[in-house]
Structure formats: structure tokens, C-alpha cells
Amino acid sequence: MAEPAFQSLPGFRDFIPRECAVRNYLFETWRTVARRCGYSEYETPILEDTGLYLKKSGGELSAQLFRFEDQGGRDVTLRPEVTASLARIVAQHQRDFSKPLKWFEIGQCFRYEKPQKGRGREFYQFNVDILGEAGPAADAELIALAIETMLAFGFVAGDFVVRVSDRKAWLDFAVRHGIAEDSIPEFLGIIDKLERENPATLATKLDGFGLTLDSVRGFIANPANASSAYQAILDDLTARGFAAFVALDLSIVRGLAYYTGVVFEVFDAKKSMRAVAGGGRYDTLVATLSNGATDLPATGFAMGDYVIRNLIEETTHTAMQMEVWLQRNAATCDVFVVVADESQRPAALRLVTDLRRAGIAADLPLTPAKVAKQFQSAERSRARFALVVGAEYPALKLKILASRAEESGHADSAVAWLSERLQQPDGPLIA
RNA sequence: GUGGUCGUAGCUCAGCGGUAGAGCCCCGGAUUGUGAUUCCGGAUGUCGCGGGUUCGAAUCCCGUCGUCCACCCCA
């Protein structure tokens, strides 16, 4: 049998330079916004005790774990999300910090799912959390950061909307309609599917709770049912000038079991209303994971790299902004040294070293090549100048690649010469 | 987990029962130290893998692995 060529595992990506650059654009934007808003970066291990995820994440997630036994017989899991790890370390270290904690992490997560558009088995998540503040001001601050992030990518009003809801409103609803406390998760599951499942099965399921589709829809449609927290959040965000980005939507309850209050999702306003980020309040998770040792209210959200990248690339103005960044941050070469006479290669090597040490990006061909070819290499390196080291060394020729103009100089003053030359514009193009 | 789609050169794909093709890319060359265009020349594939049908399979059938897409769920 033929040896099959190795390839990456299903749902896993190779980041060739262009992909890596795109990823860095996302990371840098996330980091910049988070720092600007006063969040500190932290990091947790990507491999954790499986129990961490079985304890409170709930639902589908536990069926999608990259889970295995290590050589020491431990039951371990590649993290499917970072909130559980965060709750763990916060429970352990929170005394060292004044409240509220505003923390963020950019990390890779793993879920054993079937890959498709906007989803792989591995993805990066921008995770932002505020811990130790139970009031709506924290939720508003967090949503503000979500909005700032979208704006930083170049999205504008009309491109996206943050749909905000509150599980508390549904808990009140459940109490009023006599729904037992232990069947509330099931009830919320039905609400979560309101927009996707067909009305007949919905009606059947709701009938089990003595409810009708109309009564539920009526509850969602009535703004008066918004919680007081929602109103406070809306006022807060309005004061920040973000009212245009926020909308009440009680049909949002979110899948994860640990949410306890305000929940929200950032939606793409054009394309089928995909959620590009989501989050909410999880006031009991820290206590649960620390077995009650630490009790901290918390609110957080996550944005994945797949979905936000798709949205950026599908939106003309955000795609252009990213291209500009990629151009600006591409590998650059200020000066490409052309070795026109191989016997002068030692001098060229010395020159390259001097230039580099002076902070000038310099490159040269590693093997002998014809001058014409070296100029092609210079073009491809997108260098601004080609510095020709030839038989006449220490006399040097500097060619401005864009204008094809040429000037002369001397090796002894090359660094100063090039430094000064790099400060100046090239002048009119001589074609 | 369910359903569909597609796997042929590095890339995009054509060929759909009779000895593997095109374009792009790449490499070399066109008066010995200058980039473009053009021209000339060249390389490369176990036709995803395994079985079956057939005188003969890239082509038909089955399986398998992988891709992409939708559902489920979610970032």
C-alpha cells in the first residue's frame, strides 16, 4: 500500500504567510481595542482537566470535546472555550486584584464538529470578561467593547447590530406561568429555537408547558417586558453614543447553560443575520467551579476568528481596510543588495550587516545569480532601493527601483547615505 | 450526528470506456553588470486510496478517506 501523504487533520488550518498575516490583523485589532478599553491580557492552558467542562458548560458542548487520556492516566480535554479556565484561575487569584477585573484572552479552542463555512475544529477566540461587578454598568461596558471592536474593523452603523436580551425576563415569565424550576433549561431551549424550528413542533412543545406560540411571541414583541437591567444598559450605551447599534430582542437566550442574566449577540445585519459574537452574564459559574470557595458575579463575551473574518472579507469597506493593513505590515525590504561581482560578496555581506544593525531592512541573494535576475528579486522583495556592489567597490551605485534613477556613493558612508536617502521622497518618476 | 457536492500537474480546470491535456505559475535561454513586454525551450502527475465490472477504467459500480456546502449546534 502506498504511503499516504500527510495532510492537516480535518477542520485544522495551516497558516501560510498570508493566512498568518490575516490572523495577526485580527489579533492586533482585538488587542488594541481591549487595551484601549482598560482590559488586561491573560492566558490559560489549552489542555485542561475534562471535569472542568463537564461540570457546568452543559448541552451539546460536552459531546464535542477533543478528549483523551494522557500517559499519566488523566482524563484531559483540549479546551472548547476559555470561560471555564478563566473562572478557575479567577477563583484562585482574585484576591490579588482590585475589583472589577477586566481581563481578555486570545486563544485557540477546539471542538469536534463537522467543518463547514465559518467553522472548523479549531478556531481562535477573543474572550473578554468583567468579573466582580454585578450591575448593568458592567454589561454595558462589555457591550461597548464589542461595539468598539466592530468599529475598529471598519464596520459602521447598518453593518451590524447588538441584540440584547435578559434571561431574567424569561425566568419571571416562567414563574408567572407555573413552569417548574428544573424544566426551565428545556423551556429556554425552545425559546432559543423560536426562529429556526417549524411552528407546528414549537406549538407542540410549548403545549407541554401550557403555553401557546402566540403568547410567547407576544411576550417577545412587547418592549415593556424588557428587564430593568436592559433599560439601564440601553441608557448607558445611549450616553456613549451607541444607541444605533443596540436593539432589544427577547428571543435571544443563548445555548450555553451557565448564563444567568443579560445575554447578547452581535449580528451581521445583511447576511442572514449570523451571530459574529455572543456573550452574557454568568454570575454563578465561578462559585460552581470553585465549589463555593469564591463567589464573583461575571459577564463576558467571545468573538471567533472564522466568522469575523468571513464578515470582514464579505464587506467591501472592511475588506479594504484589512488589505491596507496587510500591505503596511507585509515583510518589507528597504534596500536589496545586488552582488554584481561575486568576488565582492564579503563586502556585500558586511554592508548588509551594517545596514540591518542601523535599523534598515536589507536583503541580498544567497547564491550567485545574474544581475538581471537579482534585480527581479529586488522587485519582488518590494524593496525601495537596489544597492549594487560590484568590481568598482568601494564605490557603490544606488538604484531607485520605482523611478529607475541611479546615484553613486561610497561604502564608508553607506549607512549614513542610505539612512538619509530613506528619509527623502523619491521625487518625480523618471520612466 | 444527518444530507448533498466534489477529489486529474504547484494553482484553476478540461477530458467521462481505448497509450494523460490546457492556461497560469515555476525553471532555462534570446551580444559576458540592470528590472517590462515579447519570443524560444523545459520540468512536473502512482487521474485521492482500495476493491469490482471490462479485452481495456481518469472515465462505469461499491467501499473508504478527504474537500466544500447545508442541517444540528455554535465562535
Side-chain angles (χ1 to χ4, degrees), chain A residues 1-13 16 26 30 57-65 79-83 105-128 146 149 189 192-193 196-198 252-257 259 265-268 272 274-279 300-311 336-344 365 368-383 385-393 395-406 431:
Chain A
M1 195 162 63
E3 199 70 27
F6 286 114
Q7 58 183 119
S8 62
L9 260 16
F12 284 76
R13 298 169 289 180
I16 55 177
L26 301 180
W30 285 339
S57 290
E60 193 94 359
L61 210 57
S62 50
Q64 302 175 331
L65 300 178
R79 64 180 177 199
E81 45 123 359
V82 313
T83 304
E105 168 167 9
I106 296 169
Q108 205 170 16
C109 297
F110 305 84
R111 291 180 195 173
Y112 197 89
E113 295 189 275
K114 199 141 176 177
Q116 63 180 62
K117 184 169 182 160
R119 191 177 74 190
R121 286 180 176 175
E122 144 278 320
F123 57 95
Y124 285 90
Q125 236 185 23
F126 176 41
N127 249 261
V128 190
T149 304
D192 189 40
K193 289 188 176 60
R196 292 165 303 200
E197 210 154 45
N198 78 66
I252 307 272
V253 296
R254 297 197 48 78
L256 291 174
Y259 289 117
E265 295 185 343
V266 179
F267 278 86
D268 162 16
S272 69
R274 281 179 311 181
V276 297
F301 95 105
M303 176 180 282
D305 69 320
Y306 268 91
V307 185
I308 193 65
R309 179 180 171 174
N310 281 345
L311 187 56
F336 191 94
V337 174
V338 171
V339 185
D341 179 346
E342 270 304 314
S343 69
Q344 296 299 337
K370 293 189 172 182
V371 170
K373 202 155 166 4
Q374 293 189 53
F375 270 91
Q376 277 179 14
S377 300
E379 282 274 285
R380 287 189 191 187
S381 75
R382 298 165 61 201
F385 300 115
L387 187 61
V388 182
V389 179
E392 66 281 6
Y393 185 88
L396 300 170
K397 272 186 214 158
L398 183 69
K399 188 141 185 181
I400 299 151
L401 289 168
S403 65
R404 304 192 173 212
E406 209 171 69

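Sequence lines set the chain letters: A, B, ... in the order given, protein chains first and strands last, and positions in each chain run from 1. The shown structure was predicted, so the numbers you read here are calculated from the model rather than taken from an experiment. Just so you know, these numbers use all the heavy atoms, side chains as well, and skip hydrogens, waters and symmetry mates.
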What's the gap between B:C62 and B:C26 when it is taken at their P atoms, as a whole Å value?
42 Å
With both distances under 3.5 Å as the test, what is the Watson-Crick or G-U wobble partner of B:G33?
none
Under 5.5 Å between ring centres and under 30° between planes: does that hold for A:Phe123 against the base of B:A75?
yes
Just checking A:Glu113: base, sugar-phosphate only, or nothing, at a heavy-atom cut-off of under 4.0 Å?
base
When we call it a touch if two heavy atoms are under 4.0 Å apart, what does A:Leu401 touch: a base, just sugar-phosphate, or nothing?
base
What's the OH-P distance between A:Tyr393 and B:G33, to the nearest Å?
20 Å
Once you apply a heavy-atom cut-off of 4.0 Å, does A:Lys114 come out as touching a base, just sugar-phosphate, or nothing?
base
Could you check how far CG of A:Leu387 sits from C1' of B:G33, rounded to whole Å?
14 Å
Mind checking A:Asp192 for me? I need base, sugar-phosphate or nothing, with any heavy atom below 4.0 Å counting as a touch.
sugar-phosphate
For the side chain of A:Pro10, counting heavy atoms from C-beta on, which of B:A75, B:G66, B:U34 is nearest?
B:G66
In Watson-Crick or G-U wobble terms, both distances under 3.5 Å, what is the partner of B:U64?
B:G48
Is the closest side-chain donor-acceptor distance between A:Gln108 and A:Glu122 under 3.5 Å?
yes
What I want to check is whether an N or O donor and acceptor connect the side chain of A:Glu122 with the base of B:A75 at under 3.5 Å.
no
Rounded interatomic separation in angstrom, taking CZ from A:Arg13 and P from B:C68
11 Å
Paired nucleotide for B:G41 [Watson-Crick or G-U wobble; both distances under 3.5 Å]
B:C27
Here the distance between atom C1' of B:G66 and atom CZ of A:Arg121, to the nearest Å, is 11 Å
In whole Å, what is the span from the NZ atom of A:Lys117 to the C1' atom of B:C69?
9 Å
If we take the C1' atom in both B:G15 and B:U59, what is their distance in whole Å?
9 Å
Check this for me: does the side-chain of A:Gln116 come within 3.5 Å of the base of B:C71 through a donor and an acceptor?
yes
Once you apply a heavy-atom cut-off of 4.0 Å, does A:Gly120 come out as touching a base, just sugar-phosphate, or nothing?
base
Geometric cation-pi criterion A:Arg380 and A:Phe336, 6.0 Å radius, 45° cone
no
Taking the same atom, C1', in B:C74 and in B:A9, what whole-Å distance lies between them?
39 Å
Given the C1' atoms of B:U2 and B:C16, what is the spacing between them in whole Å?
31 Å
Using atom P of each nucleotide, how far apart are B:U46 and B:U8 to the nearest Å?
11 Å
When the distance from CD of A:Glu265 to P of B:C73 is rounded to whole Å, what number comes out?
13 Å
Heavy-atom side-chain contact between A:Phe110 and A:Arg121 under 4.5 Å:
no
Heavy-atom nearest pair, A:Pro365 first then A:Val337, reads CD-O, 3.2 Å
Whole-Å distance between B:C74 C1' and A:Asp305 CG?
14 Å
Applying a 4.0 Å non-hydrogen cut-off, can you work out what A:Glu392 is touching in the nucleic acid: base, sugar-phosphate, or nothing?
base
Applying a 4.0 Å non-hydrogen cut-off, can you work out what A:Ala277 is touching in the nucleic acid: base, sugar-phosphate, or nothing?
sugar-phosphate
Confirm from the modelled atom types if A:Arg254 and B:C74 form a donor-acceptor pair under 3.5 Å, side chain to base only.
no
Within the 4.0 Å heavy-atom criterion, would you say A:Ala391 contacts the bases, only the backbone, or no part of the nucleic acid?
base
With a non-hydrogen cut-off below 4.0 angstrom, is A:Val338 in contact with a base, only sugar-phosphate, or nothing?
nothing
Among B:C73, B:G28, B:G33, find the nucleotide with the atom closest to the side chain of A:Lys373.
B:G28
Determine the Euclidean distance between corresponding C1' atoms of B:C6 and B:C13; express it in Å to zero decimal places.
13 Å
Taking the C1' atom in each of B:G21 and B:A30, what is the distance between them to the nearest angstrom?
28 Å
Expressed as a whole number of Å, how far does the P atom of B:C65 sit from that of B:G28?
43 Å
A:Arg380 near the nucleic acid: base, sugar-phosphate alone, or nothing, with a heavy-atom cut-off under 4.0 Å?
sugar-phosphate
